[in-house]
Number of protein chains: 2
Amino acid sequence: MTAGTPRLSGQPTIVDVARHAGVAVSTVSYVLSGKRTISAGTRDRVLSSIRLLGYHPHAGARALASRRANVVALVLPLRSGIQVPVVMQFATAVVTSARRHDHDVLLLTSDEGPAGLRRIAAGALVDGILLMDVELDDARVPLLRELGRPSVLIGLPADTTGLTCVDLDFDRAGDVCVDHLARLGHRRIGLLGAPAAVYRRGTGFAHRTLSGVTRGASRHGVDVVSTPCEESATDVRRTVADLLARGVTGLVVQNESAVGPALAALAELGRRVPDDVSVVAICPDPFAAQASPMLTSVPVPAEEIGRQAVTLLMAKLAGEPVPETTLLPPRLTVRDSTAAPGGAPR
Amino acid sequence: MTAGTPRLSGQPTIVDVARHAGVAVSTVSYVLSGKRTISAGTRDRVLSSIRLLGYHPHAGARALASRRANVVALVLPLRSGIQVPVVMQFATAVVTSARRHDHDVLLLTSDEGPAGLRRIAAGALVDGILLMDVELDDARVPLLRELGRPSVLIGLPADTTGLTCVDLDFDRAGDVCVDHLARLGHRRIGLLGAPAAVYRRGTGFAHRTLSGVTRGASRHGVDVVSTPCEESATDVRRTVADLLARGVTGLVVQNESAVGPALAALAELGRRVPDDVSVVAICPDPFAAQASPMLTSVPVPAEEIGRQAVTLLMAKLAGEPVPETTLLPPRLTVRDSTAAPGGAPR
DNA sequence: TCCGCTCGTCGAAGCGCTTCGACGGCGCCG
DNA sequence: CGGCGCCGTCGAAGCGCTTCGACGAGCGGA
């Protein structure tokens, strides 16, 4: 055993690997990065030394020398009215896809605000930024432009110029729901919306759903009654009762945490689904599938959106051009909660 | 304007700050770290240069030189049967407290497995590790010991020797729930548990709750019927019906996603809460408070656990000794869902 | 046979920061 | 009034990696 460097940290460094494999440090680096051709023999020798020594490159050193941290920031909302499971699905999809691109994910919460973004970006801790829960007029958007780091928004602000955004096409989703109900014969449709605070903040998806619903309704010449709705069971019950009182026979529920309570409220009010009232949900699929009856729904493809966002970000990091906005088309899944009004089978 | 270094990255470096303030680079560093005394005059000059230039230290360079990344890893579960809102609360609490200690949070999902932990730790990307959703016999625990990085577990494995763990004292929580119901006069108590997969995995909290419930029951000489329960509305309904059929008058629900469906099922079965059946939940407080009726509950203090975990990790990073296990005492909040059996007021 | 390539490898110069040892200047104690 | 110690500051040596230019060896074409 030849005496080596006194490896203070305990971890082997690239120097140890090079010495062990009998090559230059730069050669090891090129084996790892593949940025220059290396003979098969050398490569194998280096790789086995790496495995043998249990070498892992030092992330900081790499970031310093290469100006790439291989980390992306994910900024999550923490606010009231957010849809926790959806957010979680996004997050896990993002982490998984990022890993597939050899990147890690740094978690930020939006309550540290712009200062946090600035710190992260300027400190070269991350190469790119993923921003969730974007508002129509979001304070972080100008900052993002200023920082000049590649970024992708999940959600749509009012002005998308120069940005990259991904989201479900909530507008068309709203339309599709109404379309489905209208075709079944419903003439008065209710939208059980997001909490009022969400509309007030100008969160894109809520507004877009509403506009889609409205458009679909006017196209079909049916009425639409839309009302925001808080998350508490009490408020959901009141809102549902209110909508029914106003003659609604088809219900579009876009607040996933309201789905369960809404069904409970209908049961309590003695209305059968779908015989008396039809329900379409815009929510993650498992929710719709686990409810009883199983819900006709437009699933929010959180996972796919997360994946897309990462893919787009990676493209930007690689300097490739990407489209400004990517809207995923809604797909309506018909299950057991919708039927023609008045109990006729669909 | 004197010509400076050709700052390739666009960001000012510590050299720029030093030059602008007319001091040595090391002085700037000491101003920032406070590791040596600096005169007030110099400090102010340096600080204002920093602000003026918009300087942010390069995280990688800092990590390289100081052997501290100021980042902690948070390993989240992604599996079935996890309690999404609780996990989310943990995560946000962790991020917030970590920032308070000048650390950022790297998000890992447990599905990358041990390899991910190893990569992260060996690559010096993180200084410490927070592990959630620990199983009684968790494969990652030995790895954690081997890696030699400070870590804190959220949840309890079977053998805690040499580890640092934080959790709610689910055992006592179960006990407290039964105690409350027994004192009200209930003689037959049901535990609507976590999904079967969770027990099978050997997830600590589920087992501990069960043992606490059992102990409380035997102390009071009351019967307990315990059954796992899936998350779907259908299964919850069946399980509830089953428990009632077996003569249960008091229900302990620990699966937060089952709370809503369970109440709905009771309503459907024509049982009033709390007149006919009493319900105690072990779940995050907002859930219990938003249900209708408002639920008597033992809140899962996700936020506090997250905070504690970070605090402990920081202590370990600083080389301070910390206790092996920290169990937060359960607090029972009495609301409107419990009463003496048979409709008598409590 | 010789020139000029390409291929595979090496050495060294940083990347931006922390930290250690050194060194004046000043106040204090004797 | 002299020496000692402390305070505030500086310079330089890395931390572990990437990357650029250089260079020897082998090969084909003229």
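Order of the sequence lines sets the chain letters (A, B, ...), proteins ahead of strands, with each chain counted from 1.
Contact annotation: the side chain of B/Arg99 approaches that of B/Asp104 to within less than 4.5 Å [non-hydrogen atoms, C-beta and beyond].
Judged by closest nucleotide on DNA chain D, B/Val23 is the one of A/Thr27 and B/Val23 placed further toward the 5' end.
Rounded to whole Å, the distance from CG on A/Leu53 to P on D/dG16 is 15 Å. Atom pair A/Asn70:CG and C/dC15:C1' shows a separation of 16 Å (rounding to whole Å applied). Atom-to-atom, CZ of B/Arg68 to P of C/dC17 comes out at 18 Å; the value is rounded to the nearest Å. At whole-Å resolution of the value, CD1 in B/Ile14 and P in D/dC10 are 12 Å apart. Taking atom CG on A/Leu125 and atom P on C/dC17, their separation rounds to 13 Å, with Å as the unit. D/dG16 atom C1' lies 13 Å from atom CZ of A/Arg19, rounded to whole Å. One interatomic measurement links the two molecules: CZ of A/Arg62 to C1' of C/dG14, which rounds to 18 Å at whole-angstrom precision. Between the CG atom of B/Asp16 and the C1' atom of C/dC15 there is a distance of 14 Å, given to the nearest Å.
Relative to the side chain of A/Ser26, the nucleotides D/dT19, D/dC17, D/dC15 differ in distance, and D/dT19 lies closest. Which of D/dT18, C/dG16, C/dC17 sits closest to the side chain of B/Leu64 comes down to C/dG16.
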Name every donor-acceptor pair, under 3.5 Å, that has one atom in a side chain of residues 311-322 of chain B and the other anywhere in the protein, sequence neighbours excluded.
from, atom 1, to, atom 2, distance (Å)
B/Thr311, OG1, B/Arg307, O, 2.9
B/Lys316, NZ, B/Ser151, O, 3.0
B/Lys316, NZ, B/Thr164, OG1, 2.8

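Within the structure, a side-chain polar atom (N or O) of B/Arg67 is placed less than 4.0 Å from OP1 or OP2 of D/dG16.
For the salt bridge (charged side-chain N to carboxylate O under 4.0 Å, His left out) criterion with A/Glu112, the lone passing option out of A/Arg140, A/Arg118, A/Arg119 is A/Arg119.
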Derivation of the side-chain contact (heavy atoms from CB on, under 4.5 Å) call for A/Leu131 and A/Leu153: CA-CA 5 Å; A/Leu131 209 58; A/Leu153 312 196; 3.8 Å; yes

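Residue contacts for B/Val25: at a heavy-atom cut-off of 4.0 Å it reaches a base atom on one of the strands shown. Contacts of A/Ser66 with the nucleic acid, taken as non-hydrogen atoms under 4.0 Å apart, involve only primed sugar atoms and P, OP1 or OP2.
Across every non-hydrogen atom of B/Ala63 and B/Ala69, the tightest pair is CB-CA, 3.9 Å. Residues A/Asn70 and A/Asp127 come closest through the heavy atom pair N-OD2, 2.6 Å.
Listed by residue number, the members of residues 29-45 of chain B with any heavy atom below 4.0 angstrom from DNA chain D are B/Tyr30, B/Arg36, B/Thr37, B/Ile38, B/Ser39, B/Thr42.
Environment of CZ in B/Arg100: sparse, with no more than 12 heavy atoms of neighbouring residues, nucleotides or ligands closer than 6.0 Å.
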